[in-house]
Amino acid sequence: MVKLDTTQRTGFMQYWLMKSEPDAFSIDDLQKVGTEPWDGIRNYQARNFMRDDMKIGDLVFFYHSSCKIPGIVGLMEVASESYPDFTAFDSNEKYFDSRSNPEKPTWMMVDVKFVQKLAVPITLQSLKQNPKLDGMRLLQKGNRLSIMPVEKVHWDTIMDMTNV
DNA sequence: GCCAACGTTGGC
DNA sequence: GCCAACGTTGGC
């Protein structure tokens, strides 16, 4: 695999991590479709990150959670401004929320675009074992946020771990 | 399947 | 506004 040099990107950008259960939506699913709305977020903190802070071009770690080997499995980028999560409006949808409506949407989302699948996933276990990642939000006890910012120093450390 | 940790709800 | 009860997340 050719290592992606994310330091070559220009302009101000932020780094993120987004979790998904691979049974529901995996890095392979994203690779197939290319771009996908990140729907179903029903947590205010996570929504606020998408609504207020994400910018097109921001880079994102794709993290597989609640599975056999949790960890970072790929890279993607933010591909849209935030817009209403329409799955909240449909009573047939799993993440229907009667409080949200098109006139006054409660829940927002962004589109994400596939960038790269890692040849070897970076497991949660290996993240925990890297002392340079002490203090990373993902690794903090009790953290359940499914969308969170990643500090540049942590991003760079993890990108270095993708060297095979 | 278990359970710790957290966010949300709703009675008061 | 407090806080107990409940539901969910997510590692193990």
Side-chain angles (χ1 to χ4, degrees), chain A residues 14-33 36-54 58-78 82-151 153-162:
Chain A
Q14 281 191 256
Y15 301 104
W16 303 94
L17 181 143
M18 296 166 91
K19 298 177 185 172
S20 178
E21 299 184 15
D23 287 347
F25 188 73
S26 71
I27 186 71
D28 293 323
D29 295 326
L30 182 63
Q31 183 164 21
K32 270 176 223 151
V33 297
E36 179 80 359
W38 201 264
D39 63 357
I41 298 301
R42 300 292 180 267
N43 169 284
Y44 290 103
Q45 243 185 310
R47 177 206 65 185
N48 293 349
F49 283 137
M50 289 196 290
R51 188 189 60 187
D52 304 332
D53 299 321
M54 278 190 182
D58 283 359
L59 285 169
V60 187
F61 285 134
F62 194 127
Y63 179 94
H64 281 177
S65 66
S66 294
C67 57
K68 208 163 185 179
I69 305 175
I72 294 168
V73 294
L75 305 179
M76 51 190 178
E77 63 181 68
V78 176
S82 66
Y83 60 99
D85 182 342
F86 48 76
T87 66
F89 307 145
D90 183 347
S91 59
N92 295 318
E93 286 281 350
K94 184 183 175 191
Y95 293 107
F96 170 68
D97 184 346
S98 59
R99 292 170 300 180
S100 191
N101 62 77
E103 288 71 40
K104 202 163 177 266
T106 305
W107 303 113
M108 307 287 284
M109 61 185 173
V110 299
D111 292 345
V112 292
K113 184 179 160 193
F114 178 84
V115 172
Q116 184 178 59
K117 179 181 172 177
L118 298 184
V120 181
I122 304 174
T123 63
L124 175 61
Q125 189 188 16
S126 66
L127 293 171
K128 283 178 172 174
Q129 285 169 353
N130 190 333
K132 288 183 183 165
L133 297 177
D134 285 354
M136 189 183 176
R137 195 159 180 167
L138 176 74
L139 305 179
Q140 280 166 12
K141 191 181 176 188
N143 171 61
R144 298 187 318 170
L145 258 188
S146 66
I147 297 177
M148 68 191 81
V150 176
E151 293 173 35
V153 58
H154 295 150
W155 180 276
D156 293 342
T157 298
I158 292 167
M159 289 307 297
D160 285 343
M161 294 169 74
T162 65

Euclidean distance, A:Tyr63 OH relative to A:Met18 CE, rounded to 0.5 Å =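 One gets 15.0 Å once the value is rounded to the nearest 0.5 Å.
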>> Would you call the rings of A:Trp38 and A:Phe25 parallel, tilted or perpendicular, taking 30° and 60° as the class edges?
In response: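 Taking A:Phe25 first and then A:Trp38, their aromatic rings stand perpendicular (interplane angle over 60°).
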* Asked: Is there a side-chain contact between A:Gln14 and A:Val78 (heavy atoms, below 4.5 Å)?
  ->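 Not touching, per the 4.5 Å side-chain cut-off.
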Given side chains that start at C-beta, do those of A:Arg137 and A:Glu151 come closer than 4.5 Å, heavy atoms only?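 Answer no - side chains too far apart.
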Starting at [atom1] of [X] and ending at [atom2] of [N], how long is that distance when rounded to a whole Å?
| X | N | atom1 | atom2 | value |
| --- | --- | --- | --- | --- |
| A:Leu17 | C:dG10 | CG | P | 10 Å |
| A:Arg99 | B:dT8 | CZ | C1' | 9 Å |
| A:Asn43 | C:dG10 | CG | P | 9 Å |
| A:Ile41 | C:dT8 | CD1 | P | 15 Å |
| A:His64 | C:dG11 | NE2 | P | 12 Å |
| A:Gln45 | C:dT9 | CD | C1' | 14 Å |
| A:Lys94 | C:dT9 | NZ | P | 8 Å |
| A:Tyr63 | C:dT9 | OH | P | 15 Å |

For this session: Step through it carefully: locate the ring centre of A:Trp107, locate the ring centre of A:Tyr83, and say whether they are under 6.0 Å apart.
Result: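 Ring centres of A:Tyr83 and A:Trp107 not closer than 6.0 Å.
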(message) I need the residues from residues 141-149 of chain A with at least one non-hydrogen atom less than 4.0 Å from DNA chain B; give them sorted by number, or say none.
(response)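 Those residues are A:Lys141, A:Gly142, A:Arg144.
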Quick one: is [N] close enough that its OP1 or OP2 comes under 4.0 Å of any side-chain N or O from [X]?
| X | N | value |
| --- | --- | --- |
| A:Tyr44 | B:dT9 | no |
| A:Lys128 | C:dC12 | yes |
| A:Lys19 | C:dT9 | no |

Okay, side chain of A:Lys19, backbone of A:Leu145: is any donor-acceptor separation there less than 3.5 Å?
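Present.
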**Asked** Can you name the one residue among A:Asp23, A:Asp28, A:Asp29 that meets side chain to side chain donor-acceptor pair (under 3.5 Å) with A:Ser26?
**Response**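 Per the side chain to side chain donor-acceptor pair (under 3.5 Å) rule, the option paired with A:Ser26 is A:Asp29, out of A:Asp23, A:Asp28, A:Asp29.
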